[in-house]
Trainee: 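This is the structure I have questions about; it appears just below.
We use all heavy atoms of the structure for the numbers below, so side chains are in, but hydrogens, waters and symmetry mates are not.
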Amino acid sequence: MIIGIASGDYLPAYKSVDDKEQWGGAGWARLGQYVEPLKALGHQVAVGILWKDGDCLSIATEEDGGGKCYPDVIILQRIMHDGVAEAIRIGQAAGQVIINDVDDWYWGLDTRNAAFLASHPKYNDEENTKFYMQNVLASDLVTVSTPYLAKQFEGRGSSPVRTLPNYIDVARFKPVVQASAPCFGWVGSTMHRSGDVETLKGIFPRYLSTDRLHLQHSGDRIDAPSFASQIGVDPDLVTRVPAVPSDRYPELLTFDVGLVPLRDTGFNHAKSEIKGLEYAASGIPFIAQDLPSYRKLWEDWGETESGFYIAKRTKDWIKAIDNLLDIEARRAKQAQLFANVPYRDIEYGTIQWNNLLQELT
């Protein structure tokens with residue numbers, strides 16, 4: 001089978017500063033990491049630019065369009081421009097199957113999120129989110145990462161919706177060795193958060209004043225608000241680790257306890273538990289806001305045997321932090337994570353994608 005992938009999260013090698021292909025986080029998690037496993041199953045996979053080519057669609061893999069292929073199935077992600085829905089119909093008429101994969105509820109973005117500034121008509125000449133919905137609903141199938149997202153698309157059009165949970169390549173993650181004085185860390189870009197990190201404000205000063213723990217922000221960018229300022233602590237008390245390309249993400253997981261602060265919003269209800277899975281693969285016990293994806297993972301993994309805590313209120317965060325100050329408690333949670341996370345390995349995601357592709361052709 002010939003599979004074509006066109007993702008707005010993908011940057012071709014000829015456009016990147018280091019002459020290497022680059023993926024954004026969602027693009028890598030949902031599609032990029034499956035390219036090689038799908039090839040190993042005998043599929044031909046091309047990643048590049050969607051191209052309307054006469055009476056069908058192609059994927060152009062080189063700048064001059066010379067490296068075109070004509071896929072049986074085309075997977076789109078975050079392709080938001082006007083005219084794409086029309087192109088989809090051309091491909092469908094030629095017998096090509098079009099899948100649109102959605103990992104975020106773009107239609108619920110907070111105005112403070114950098115993605116809002118890139119997609120709202122006030123800041124962009126195109127009505128991206130309007131076109132995006134048209135493009136998604138024109139597809140033969142919509143794949144999503146969470147049940148919440150599935151509910152948002154079901155009934156909006158004739159396209160069926162399939163939930164494919166996020167999985168991770170566990171082998172890429174290096175287990176941490178728990179330190180006696182723990183470092184609590186968060187991985188992410190503050191540019192693409194909307195009040196989430198601020199939910200931790202007021203919690204950590206009491207611990208930092210007595211050196212009971214350390215703090216780290218992995219994914220720091222100099223053009224974004226500082227993690228320290230958003231949680232209300234002295235910047236000198238937070239270790240800052242610069243952002244790296246998505247394929248090097250495991251390098252950022254170098255702390256003892258992970259944080260998953262999230263506001264209780266529709267946009268966050270749509271988010272998957274992938275950050276927690278990445279922490280888990282590194283043996284990092286974590287505390288996550290009590291939202292649907294993390295509540296379900298906590299229940300699926302046996303609640304007290306899950307290897308992590310979920311917190312609804314500030315006092316829940318403080319209780320979990322206090323428990324995780326103890327190294328033996330962290331080691332016990334780490335063992336639970338190592339027992340649970342293999343069930344969310346990429347091999348299961350590859351099986352799901354392969355079965356879905358076989359169904360459609």
Trainee: Rounded to the nearest 0.5 Å, what's the gap from CG on L237 to CD1 on I231? Could you check?
Mentor: 9.5 Å
Trainee: Any donor-acceptor pair under 3.5 Å linking the side chain of W107 with the backbone of T129?
Mentor: yes
Trainee: Are M80 and V84 connected into the same hydrophobic cluster when the rule is that any two of I, L, V, M, F, W, Y join if their side-chain heavy atoms are below 4.5 Å apart?
Mentor: no
Trainee: Is the shortest heavy-atom distance from the side chain of L164 to the side chain of R30 under 4.5 Å?
Mentor: yes
Trainee: Quick one, L262 with F267, criterion side-chain contact (heavy atoms from CB on, under 4.5 Å). Give me CA distance, side-chain angles, the key distance, then yes/no.
Mentor: CA-CA 10 Å; L262 295 166; F267 183 78; over 6 Å; no
Trainee: How close do C69 and Q44 get, counting heavy atoms only, and between which atoms?
Mentor: CB-NE2, 4.3 Å
Trainee: Is a donor on one side and an acceptor on the other found under 3.5 Å between the side chain of D140 and the backbone of V97?
Mentor: no
Trainee: Once you round to the nearest 0.5 Å, how far does CG of L357 lie from CD1 of I75?
Mentor: 5.5 Å
Trainee: Do the numbers put K333 on top of the ring of Y309, so that NZ or CZ is under 6.0 Å from the six-membered ring centre and no more than 45° off the axis?
Mentor: yes
Trainee: Among the clusters formed by ILVMFWY side chains lying less than 4.5 Å apart, do I98 and Y70 turn up in the same one?
Mentor: no
Trainee: Is the closest side-chain heavy-atom distance between L76 and N135 below 4.5 Å?
Mentor: no
Trainee: Hey, what do you get for OG1 (T143) to CD (Q77), rounding to the nearest 0.5 Å?
Mentor: 8.5 Å
Trainee: Could you check whether Y34 and N354, counting side-chain N and O atoms only, form a donor-acceptor pair closer than 3.5 Å?
Mentor: no
Trainee: Identify whether the distance between the nearest side-chain nitrogen and carboxylate oxygen of D316 and R313 falls below 4.0 Å.
Mentor: yes
Trainee: Okay, side chain of Q152, backbone of Y148: is any donor-acceptor separation there less than 3.5 Å?
Mentor: yes
Trainee: Decide yes or no on salt bridge (Lys or Arg N to Asp or Glu O under 4.0 Å) for E328 and R331, but give the supporting numbers first.
Mentor: CA-CA 5 Å; E328 293 307 322; R331 286 170 175 166; 2.8 Å; yes
Trainee: Is it true that atom CZ of R172 has more than 12 heavy atoms of other residues, nucleotides or ligands lying nearer than 6.0 Å?
Mentor: yes
Trainee: Hey, are the side chains of F173 and Y249 touching, using non-hydrogen atoms and a 4.5 Å cut-off?
Mentor: yes
Trainee: Given E347 and T350, is the side-chain contact (heavy atoms from CB on, under 4.5 Å) satisfied, shown in steps?
Mentor: CA-CA 5 Å; E347 68 172 295; T350 303; 5.5 Å; no
Trainee: For G188, does its backbone N or O pair with a side-chain atom of H217 as donor and acceptor, under 3.5 Å?
Mentor: yes
Trainee: Establish, from distance only, whether the side-chain atoms of H214 and D256 form a donor-acceptor pair under 3.5 Å.
Mentor: no
Trainee: Can you measure from CG (L324) to CD (Q334) and round to the nearest 0.5 angstrom?
Mentor: 11.5 Å
Trainee: Looking at every non-hydrogen atom in both residues, tell me the closest pair between W186 and P261 and how far apart they are.
Mentor: CD1-CD, 3.6 Å
Trainee: Treat each ILVMFWY residue as a node, draw an edge where side-chain heavy atoms are under 4.5 Å apart, and state whether L50 and V45 are in one component.
Mentor: no
Trainee: Between E36 and K39 (salt bridge meaning N to carboxylate O under 4.0 Å), is one present in this structure?
Mentor: yes
Trainee: I'd like to know if V257 and L208 are part of one continuous hydrophobic network [Ile/Leu/Val/Met/Phe/Trp/Tyr, side-chain heavy atoms within less than 4.5 Å].
Mentor: yes
Trainee: Regarding R295 and D290, does a basic nitrogen lie under 4.0 Å from an acidic carboxylate oxygen?
Mentor: yes
Trainee: Where is the tightest heavy-atom contact between V142 and S159, given as atom of each residue plus distance?
Mentor: CG2-CB, 4.0 Å
Trainee: Does F204 reach the side chain of W317, with side-chain heavy atoms less than 4.5 Å apart?
Mentor: no
Trainee: Identify the two heavy atoms, one from P71 and one from I3, that lie closest to each other, and give their separation to 0.1 Å.
Mentor: CB-C, 4.0 Å
Trainee: Given the rule that I, L, V, M, F, W and Y join up when any side-chain heavy atoms are under 4.5 Å apart, are V197 and I203 in one cluster?
Mentor: yes
Trainee: Y106 vs Y132 aromatic rings, parallel, tilted or perpendicular, using cut-offs 30° and 60°?
Mentor: perpendicular
Trainee: Drop me the distance from S282's OG to F338's CZ, to the nearest 0.5 angstrom.
Mentor: 7.5 Å
Trainee: Answer yes if the side chains of D72 and T361 hold a donor-acceptor pair under 3.5 Å, and no otherwise.
Mentor: no
Trainee: With heavy-atom distances below 4.5 Å as the criterion, would you say the side chains of Y10 and L31 are in contact?
Mentor: no
Trainee: Please confirm whether the ring centroid of F153 lies under 6.0 Å from the ring centroid of W105.
Mentor: yes
Trainee: Would you call K296 and E299 a salt bridge, using N to O less than 4.0 angstrom?
Mentor: no
Trainee: Are I274 and I168 side-chain neighbours, meaning at least one heavy-atom pair lies under 4.5 Å?
Mentor: yes
Trainee: Are any of the side-chain heavy atoms of V176 and F255 separated by less than 4.5 Å?
Mentor: no
Trainee: When you compare the side chain of I99 with that of L360, does any pair of heavy atoms fall below 4.5 Å?
Mentor: yes
Trainee: Once you round to the nearest 0.5 Å, how far does CG of L137 lie from CZ of R156?
Mentor: 7.5 Å
Trainee: Looking at every non-hydrogen atom in both residues, tell me the closest pair between T190 and A224 and how far apart they are.
Mentor: OG1-CB, 3.3 Å
Trainee: Before giving the answer on side-chain contact (heavy atoms from CB on, under 4.5 Å), spell out for L297 and I310 the whole-Å C-alpha distance, their side-chain angles and the decisive distance to 0.1 Å.
Mentor: CA-CA 10 Å; L297 185 67; I310 54 174; over 6 Å; no
Trainee: Could you go step by step and tell me if D220 and V241 meet the side-chain contact (heavy atoms from CB on, under 4.5 Å) rule?
Mentor: CA-CA 6 Å; D220 180 71; V241 178; over 6 Å; no
